[in-house]
Novice: 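Below is one structure. I have some questions about it.
Just so we're clear, the structure is a prediction, and the values are computed from it rather than from any experiment.
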Amino acid sequence: QVQLVESGGGLVQAGGSLRLSCAASGRTFSRYTVGWFRQAPGKERESVAVISWIGGSTYYADSVKGRFTISRDNAKNMLYLQMNSLAPEDTAVYYCAASRGSVPTADPRSYDYWGQGTQVTVSS
């Protein structure tokens, strides 16, 4: 069992940066593939970035590649998303999620545990 709590969202101007954090409760966090997803109003939830349980394999959506960086600290049971060069189209609720699978996947249906979400709003 894993419980996830996101933090770090907020309001930022275009071109700015935010660092999202996801704190995990549970003793098996390091064995989960974890990722960040986002959902804008009226739109489907989409994958942003995923990292394998050992941290050696990552996936990024094309829309964020080169701007966002996903990382994890298994010793601290933490997942991070560093978001740079933010644009208004990045505005969404961001969720962290965990999967029992050991290989990154962008399919949200593969994820077993979800955080409550944190709002990211990028203004012009």
Novice: When clusters are formed by joining ILVMFWY residues with side-chain heavy atoms under 4.5 Å apart, either directly or through shared neighbours, do Ile51 and Tyr59 land in the same one?
Specialist: no
Novice: Under the ring-ring contact (aromatic ring centres under 6.0 Å, His included) definition, can you give me all pairs with a residue in residues 101-124, not counting sequence neighbours?
Specialist: Tyr32-Tyr113, Phe37-Tyr111, Phe37-Trp114
Novice: Same cluster or not: are Val50 and Tyr94 linked, directly or through other Ile, Leu, Val, Met, Phe, Trp or Tyr residues, by side-chain heavy atoms under 4.5 angstrom apart?
Specialist: no
Novice: So do the side chains of Leu18 and Val120 get within less than 4.5 Å of each other, counting heavy atoms only?
Specialist: yes
Novice: Which heavy atom of Thr33 sits nearest a heavy atom of Ser52, and at what distance?
Specialist: OG1-CA, 4.0 Å
Novice: Closest approach of Ser47 and Ala61, non-hydrogen atoms and distance?
Specialist: O-CB, 3.5 Å
Novice: When you measure from the side chain of Thr121 to the backbone N and O of Leu11, does any donor-acceptor pair fall under 3.5 Å?
Specialist: no
Novice: State, to 0.1 Å, how close Thr91 and Ala40 come at their nearest heavy-atom pair, and which atoms those are.
Specialist: O-CB, 3.8 Å
Novice: Using a distance-only test with no angle check, is there a side-chain donor-acceptor pair under 3.5 angstrom linking Glu6 and Gln116?
Specialist: yes
Novice: Please list all pairs meeting salt bridge (charged side-chain N to carboxylate O under 4.0 Å, His left out) that have one or both residues in residues 83-99, counting only residues at least two apart or in different chains.
Specialist: Arg38-Asp90, Arg67-Asp90
Novice: Minimum heavy-atom separation for Ser17 to Ser85, with atom names?
Specialist: OG-N, 4.3 Å
Novice: Given the rule in the side-chain contact (heavy atoms from CB on, under 4.5 Å) test, do Leu81 and Phe68 qualify, once you have shown the distances and angles that lead to the verdict?
Specialist: CA-CA 7 Å; Leu81 184 68; Phe68 292 9; 4.1 Å; yes
Novice: Okay, side chain of Trp36, backbone of Leu79: is any donor-acceptor separation there less than 3.5 Å?
Specialist: no
Novice: Quick check: does any side chain N or O of Thr69 sit under 3.5 Å from a backbone N or O of Gln82, one acting as donor and the other as acceptor?
Specialist: no
Novice: Taking CD in Gln3 as the centre, count heavy atoms belonging to other residues, nucleotides or ligands within less than 6.0 Å. Is the count above 12?
Specialist: no
Novice: Assess the residue pair Asp73 and Tyr80 against the criterion (side-chain contact (heavy atoms from CB on, under 4.5 Å)); give the C-alpha distance rounded to whole Å, side-chain angles, the decisive distance to 0.1 Å, and a yes or no.
Specialist: CA-CA 8 Å; Asp73 186 339; Tyr80 305 100; 4.2 Å; yes
Novice: Would Arg45 and Tyr95 count as a cation-pi pair here, with the cationic atom under 6.0 angstrom from the ring centre and within 45° of the axis?
Specialist: yes
Novice: Would you say the side chain of Ser21 lies within less than 4.5 Å of the side chain of Met78, judging by non-hydrogen atoms?
Specialist: yes
